[in-house]
Amino acid sequence: MKTLPGAKVDSTIQKIYQDLLDGKTLTSLSAIFDYRTVCLTKYISDLRLKYAVNVRDKWIETESGKRCKQYFLLSK
C-alpha cells in the first residue's frame with residue numbers, strides 16, 4: 001500500500017488514493033456509496049494540489065442521461 005505523506009491509513013483521502021492506484025474509476029455517485037462523502041471533488045483537488053497526484057478526468061453520461069465527471073489514473 002502506497003500512503004500519502006501525513007495522511008492516516010484509514011482516512012478517506014487515503015482510501016480514494018488507493019482505489020485510484022488500484023485502477024478504479026470514481027464518480028461523485030460512487031463516492032457517496034463507497035466513501036460516504038459528497039465532496040469527491042475536494043479530495044481530488046487535494047490529491048492534485050497537495051500531493052501532486054496526476055488524477056485525470058473526463059465527462060461521462062449516466063444511464064439516466066445526466067453528465068458527471070469520472071476520475072482515474074493513467075496506467076503505467
Side-chain angles (χ1 to χ4, degrees):
M1 173 188 265
K2 190 172 179 183
T3 58
L4 296 167
K8 294 181 181 179
V9 175
D10 62 344
S11 66
T12 302
I13 195 164
Q14 181 63 45
K15 290 176 188 174
I16 291 169
Y17 179 56
Q18 189 60 51
D19 282 350
L20 288 169
L21 285 175
D22 291 343
K24 292 185 180 177
T25 57
L26 309 177
T27 65
S28 296
L29 186 59
S30 68
I32 292 170
F33 295 110
D34 296 342
Y35 314 111
R36 299 196 185 333
T37 184
V38 294
C39 301
L40 180 62
T41 53
K42 174 189 155 296
Y43 290 111
I44 296 298
S45 179
D46 284 348
L47 285 171
R48 287 174 171 160
L49 299 174
K50 190 173 181 181
Y51 299 104
V53 176
N54 189 15
V55 180
R56 308 297 295 256
D57 63 67
K58 68 178 180 179
W59 286 101
I60 61 166
E61 191 170 312
T62 65
E63 291 177 13
S64 65
K66 297 193 185 247
R67 288 175 34 107
C68 68
K69 283 239 178 146
Q70 183 180 65
Y71 300 96
F72 57 96
L73 296 178
L74 292 178
S75 300
K76 291 183 178 181

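Since the structure is predicted, the reported quantities are computational estimates derived from the model, not experimental observations.
- Screening residues 6-17 for salt bridge (Lys or Arg N to Asp or Glu O under 4.0 Å), with sequence neighbours left out, gives no hits.
- In this structure, NZ on Lys50 lies 9.0 Å from CG on Leu4, to the nearest 0.5 angstrom.
- Atoms OH and CG, on Tyr71 and Leu40 in that order, are 6.0 Å from each other to the nearest 0.5 Å.
- Sorted by first then second residue, the salt bridge (Lys or Arg N to Asp or Glu O under 4.0 Å) pairs that include residues 36-48, not counting sequence neighbours, are Lys42-Asp46, Arg48-Asp57.
- Counting heavy atoms from C-beta outward, Leu29 and Thr62 have side chains that stay 4.5 Å or more apart.
- Contact annotation: the side chain of Ile44 approaches that of Leu20 to within less than 4.5 Å [non-hydrogen atoms, C-beta and beyond].
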> Yes or no on side chain to side chain contact (heavy atoms under 4.5 Å, CB included) for Leu73 and Val55, after CA distance, side-chain angles and deciding distance?
Replying inline: CA-CA 5 Å; Leu73 296 178; Val55 180; 4.0 Å; yes

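- Linking ILVMFWY residues whenever their side-chain heavy atoms come closer than 4.5 Å, directly or via other members, places Ile16 and Leu21 in the same cluster.
- The distance from the OH atom of Tyr17 to the OH atom of Tyr51 is 10.5 Å, given to the nearest 0.5 Å.
- Residue Lys69 holds its NZ atom at 14.0 Å from CG of Leu26, rounded to the nearest 0.5 Å.
- Among all heavy-atom pairs drawn from Gln14 and Lys2, the shortest one is NE2-O, 2.9 Å.
- Side-chain contact between Ile60 and Cys68 is present, with at least one heavy-atom pair separated by less than 4.5 Å.
- Between the OG1 atom in Thr27 and the CZ atom in Phe72 there is a gap of 13.0 Å [rounded to 0.5 Å].
- To the nearest 0.5 angstrom, Leu74 atom CG is 6.5 Å from Asn54 atom CG.
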